[in-house]
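Some notes on the structure that comes next.
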2 protein chains.
Amino acid sequence: MEPTTEEKILEAAREVFMNKGFAAARMQEIADRAEINKGLLHYYYRSKNKLFRAVFDEAFAKFSAGINQVFEAEIPLFEKIEQFVDRYISLLMQNPAMPAFVISELNQKGDAFAEELLSRQTRPNPMPLVAQIQQEIAAGRIKPVNPIGLVLNMLSLCVFPILARPMFQGIMEVSRPVYDQMMEARKQEVAEFIISAIRKA
Amino acid sequence: MEPTTEEKILEAAREVFMNKGFAAARMQEIADRAEINKGLLHYYYRSKNKLFRAVFDEAFAKFSAGINQVFEAEIPLFEKIEQFVDRYISLLMQNPAMPAFVISELNQKGDAFAEELLSRQTRPNPMPLVAQIQQEIAAGRIKPVNPIGLVLNMLSLCVFPILARPMFQGIMEVSRPVYDQMMEARKQEVAEFIISAIRKA
DNA sequence: GTCTATAGGTAGATAGAC
DNA sequence: GTCTATCTACCTATAGAC
């Protein structure tokens, strides 16, 4: 089935906003990619800001849903870590521009924007995982680490390599296929790294 | 001593470019912050692009020098990890906008820009640390991990929490002072986390 | 709904007086 | 070196025909 005009606009806006950021994005380029004209863009979304919000909100909700799905799974901690790393790196590799997009817009638009955005329904909620980590510590099954710190470590290890891809490729002088291959191997390595760090001696 | 006009310009440009990014930065705002007028800005730096490059190159060189200093230190691996985490988190906390700035510009301007930029003299060189890790593995003193992956993990754990500060604060509902305090505590925690992960059982 | 044309505003860059 | 004034280009947004 043919995509509707609105779908074509959103798809085009996603690509342009995510790759260039809000300020550098051009309504003309979005119109061109959607194969319509600028006037029609404003007919559907009255302003650049409104179109941006539509794209950003969707990306943020997708990001949140993907992450919460694993946070909430009712499985043992070590399995959950493995699943989290595997699924989350896969999700990020499928949308490699998303993390840099979300991070830089949140940084640029100031804390007011971040606050407003994070007050919505669909947002990351690490509490189930935090609680699970606390239980494991209380039961003496893993080392006594800061639970929030551990969740932050898991996220850092998955997201940063995607954010830093251009820098990493430049410094290490590796081609894109080799980079992709390394990320694939990292799924296993990162899970082992985290589990080794918290497993009781 | 009074700062020269050029110093005032660079200082103002740093603040504006780092917080807003290239596209959203305005020459007018830079002029205002430097307490001069737009015309004079163009007298010193003929274009916005040239001014941006001056700021970016300086930030990138500073970033690289700080990191290389620890990569090259001739001390035992576990000590080096502790020093790296401590110093690098401190450096980042003193320039909290720098990582997001460098990362997003490298992502937005495409791989050509990244390639060109990374071909300069002062750039991050993790090879001394990679070699040291390989030696430790060969000597059987740490677990056999991917050396490049380990360096990437160290960087991820230090940089990502700074990049994600607005998101982290929003999700965890913590104030700025509490966030700063958590980052301070992380210096110790992250070093222990990494060492636990690679120490032989 | 979709197009063309254009209004209205703003930003980077230049000219020229002092 | 520093200023004011202005040019030129571009971009968002609107008006109006079809």
Side-chain angles (χ1 to χ4, degrees), chain A residues 1-59 97 101 104-105 107-110 112-113 116, chain B residues 1-59 97 101 104-105 107-110 112-113 116:
Chain A
M1 198 167 72
E2 263 301 271
T4 66
T5 301
E6 184 152 10
E7 284 165 349
K8 285 197 293 181
I9 290 175
L10 276 175
E11 171 61 20
R14 257 194 296 275
E15 285 172 27
V16 176
F17 278 131
M18 287 216 192
N19 288 308
K20 309 225 168 164
F22 176 79
R26 294 292 165 251
M27 295 297 267
Q28 184 64 61
E29 188 179 347
I30 295 173
D32 291 346
R33 286 220 192 202
E35 292 176 303
I36 56 162
N37 53 49
K38 268 194 299 181
L40 201 51
L41 265 188
H42 284 87
Y43 174 79
Y44 280 89
Y45 296 88
R46 274 219 290 281
S47 71
K48 185 182 176 182
N49 252 304
K50 288 204 167 59
L51 179 54
F52 175 80
R53 283 303 300 249
V55 168
F56 191 96
D57 290 359
E58 193 200 45
F101 172 67
S104 32
E105 296 300 336
N107 271 286
Q108 280 174 34
K109 303 234 170 176
F113 182 70
E116 185 265 335
Chain B
M1 196 167 73
E2 265 299 273
T4 67
T5 301
E6 184 152 11
E7 284 165 349
K8 286 198 292 182
I9 290 175
L10 276 174
E11 172 60 21
R14 259 194 294 274
E15 284 172 27
V16 176
F17 278 131
M18 288 220 192
N19 288 310
K20 308 223 166 165
F22 176 78
R26 295 289 165 252
M27 294 296 266
Q28 184 64 60
E29 188 179 348
I30 295 172
D32 291 347
R33 287 220 191 202
E35 293 175 304
I36 56 162
N37 54 50
K38 265 196 301 180
L40 200 51
L41 219 47
H42 283 89
Y43 174 79
Y44 279 89
Y45 296 89
R46 272 221 286 281
S47 70
K48 185 182 177 183
N49 253 303
K50 289 206 167 58
L51 180 53
F52 174 79
R53 282 304 299 251
V55 168
F56 191 96
D57 289 0
E58 193 200 45
F101 172 67
S104 33
E105 296 301 336
N107 272 285
Q108 280 175 33
K109 303 237 169 174
F113 182 70
E116 185 266 334

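Each chain gets a letter, A, B and so on, in the order its sequence line appears, and its residues count up from 1.
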**Asked** Do the side chains of A/Lys48 and A/Arg26 get nearer than 4.5 Å, heavy atoms only?
**Response** yes
**Request:** Could you state the atom-to-atom distance from CD of B/Gln28 to P of C/dA13 in whole Å?
**Result:** 13 Å
**Prompt:** Tell me: CE of B/Met27 to P of C/dT14, nearest whole Å?
**Reply:** 10 Å
**Message:** In this structure, how many angstroms lie between the C1' atom of C/dT4 and the OH atom of A/Tyr43, rounded?
**Reply:** 17 Å
**Partners passing ring-ring contact (aromatic ring centres under 6.0 Å, His included) against A/Phe17 (at least two apart in sequence or in another chain)** = A/Phe52
**Request:** Evaluate the side-chain proximity of A/Tyr45 to A/Leu10: yes if any heavy-atom separation is below 4.5 Å, no if none is.
**Result:** yes
**Item:** Sugar-phosphate only, base, or nothing, as touched by B/Ala31 at under 4.0 Å among non-hydrogen atoms
**Value:** nothing
**Message:** Between A/Asn37 and B/Asn49, which residue's closest nucleotide on DNA chain C lies nearer the 5′ terminus?
**Reply:** A/Asn37
**Item:** Gap between atoms CZ and C1', on B/Phe52 and C/dG12 respectively (whole Å)
**Value:** 16 Å
**Request:** Can you tell me the distance, in whole Å, between the NE2 atom of A/His42 and the P atom of C/dT6?
**Result:** 18 Å
**Asked** Can you check the B/Glu29 CD to C/dG12 P distance for me, whole Å?
**Response** 11 Å
**Request:** Quick one: label A/Ala23 by what it contacts on the DNA or RNA (base, sugar-phosphate, nothing), any heavy atom closer than 4.0 Å.
**Result:** nothing
**Request:** Could you tell me whether B/Arg14 and B/Glu11 have a side-chain N and a carboxylate O separated by less than 4.0 Å?
**Result:** yes
**Prompt:** Are B/Lys109 and B/Phe22 in a cation-pi setup, meaning NZ or CZ lies under 6.0 angstrom from the ring centre and within 45 degrees of the ring axis?
**Reply:** yes
**Asked** If you walk 5' to 3' along DNA chain D, what is the first nucleotide with an atom under 4.0 Å of a heavy atom in chain B, and what is the last?
**Response** D/dG1 to D/dT4
**Item:** Within-4.5 Å side-chain heavy-atom neighbours: B/Val55 and B/Val16
**Value:** no
**Message:** Distance check needed: C/dG12 P versus B/Asp32 CG, whole Å only.
**Reply:** 12 Å
